[in-house]
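First comes the structure, then the notes that go with it.
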Amino acid sequence: MALKQAVFLLGIVAQSMSHSWVERLMVFNSDGTMVGAPGYTRGTISRLDPSFNDFQMQHLLPQSSESGITPTDRICKATQTIGNYTTEFPSLQAWPGAFIALQYQENGHVTLPQLTPQKEDSGTVYIYGTSSPSDEDTLASIHRVWNEHGTGGNGRGRLLVSRRFDDG
Ligand SMILES: *[C@@H]1O[C@H](CO)[C@@H](O)[C@H](O)[C@H]1NC(C)=O
């Protein structure tokens, strides 16, 4: 079975500011059971690290409500450069066609949406994939530009799927 490094770019976009990140990735086998070793996003910092705080993992865009999303806003946080994994938090290994779970830590986006009155719902997660990532990739050149056929924008990747953040 050929193992391949999975590369994902995530755009989590709601009408208003929101934040969350993929804590862990897992592969499903054909029975729908999660198998193998977990994978992580680049630049992952352990929640067990005494210096851990949410800001180390958050990449909030737009950076200010005045600026809005700018053409130079990178889709990945500066610490999420290509290959920035550790032995403790390696990338996910998966086989072609594998089904993959992206796991979030619930922090109220789904169960307590009323705490953020301007939020209408918990939003949509857009999952983009590429086998030729660039550290310079911007949100504006990918989100709602790359499409399912791989023909959008610079054509270096595609929209794998979009899903409700609240999966029930
Ligand atoms: C890699 O990620 C770690 C953890 O987020 C961060 O401290 C470090 O600066 C990153 N390195 C680079 C080159 O981005």
Side-chain angles (χ1 to χ4, degrees), residues 3-14 16-28 34-95 98 100-110 112 116 122-146 152-163 165 167:
L3 291 177
K4 198 172 187 310
Q5 184 176 330
V7 177
F8 297 101
L9 300 170
L10 304 177
I12 299 172
V13 178
S16 53
M17 296 263 281
S18 64
H19 67 272
S20 194
W21 62 89
V22 172
E23 302 265 351
R24 199 173 84 150
L25 300 93
M26 294 292 292
V27 180
F28 291 99
M34 291 185 196
V35 293
Y40 299 88
T41 58
R42 299 172 191 158
T44 289
I45 296 176
S46 172
R47 286 184 177 274
L48 301 176
D49 185 319
S51 70
F52 176 83
N53 67 68
D54 281 9
F55 296 109
Q56 292 169 301
M57 294 301 292
Q58 287 174 11
H59 182 44
L60 294 181
L61 293 175
Q63 288 170 4
S64 78
S65 51
E66 295 78 45
S67 66
I69 304 285
T70 74
T72 55
D73 281 334
R74 292 193 183 164
I75 195 166
C76 291
K77 190 176 172 71
T79 55
Q80 296 175 329
T81 47
I82 294 169
N84 194 19
Y85 295 101
T86 57
T87 47
E88 189 184 1
F89 297 110
S91 66
L92 184 71
Q93 302 292 310
W95 51 93
I100 289 168
L102 308 179
Q103 300 182 306
Y104 300 83
Q105 173 153 305
E106 163 59 5
N107 68 356
H109 289 303
V110 172
L112 301 169
T116 314
S122 56
T124 302
V125 180
Y126 296 82
I127 302 165
Y128 299 94
T130 179
S131 52
S132 54
S134 162
D135 284 337
E136 315 301 320
D137 278 325
T138 62
L139 181 68
S141 69
I142 292 175
H143 183 50
R144 297 187 186 276
V145 176
W146 285 1
N154 57 28
R156 279 197 293 103
R158 63 190 184 95
L159 174 65
L160 299 176
V161 74
S162 62
R163 288 281 187 274
F165 185 91
D167 65 0

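Atoms within each ligand, like the ligands themselves, are counted from 1 in listed order. These figures come from a predicted structure and were not determined experimentally.
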Under a 3.5 Å distance rule, please check whether T79 uses its side chain to pair with a backbone N or O of G43 as donor and acceptor. no

Please tabulate protein-ligand N/O pairs under 3.5 Å for ligand 1, atom names and distances to 0.1 Å.
from, atom 1, to, atom 2, distance (Å)
ligand 1, 2 (O), N84, ND2, 2.4
ligand 1, 5 (O), G43, O, 2.7
ligand 1, 11 (N), N84, ND2, 2.9
ligand 1, 14 (O), T81, OG1, 3.4

Would you find a donor on one side and an acceptor on the other, under 3.5 Å apart, between the side chain of T81 and the backbone of N84? no

Side-chain donor/acceptor of D73 to backbone N/O of A140, under 3.5 Å: no

Could you tell me how the ring of W21 sits relative to the ring of F52: parallel (under 30°), tilted (30 to 60°) or perpendicular (over 60°)? tilted

Among residues at least two apart in sequence or on other chains, which ones pass side-chain hydrogen bond (donor to acceptor under 3.5 Å, both in side chains) with D49? S51

Rounded to the nearest 0.5 Å, how far apart are OG of S134 and CD1 of I75? 11.5 Å

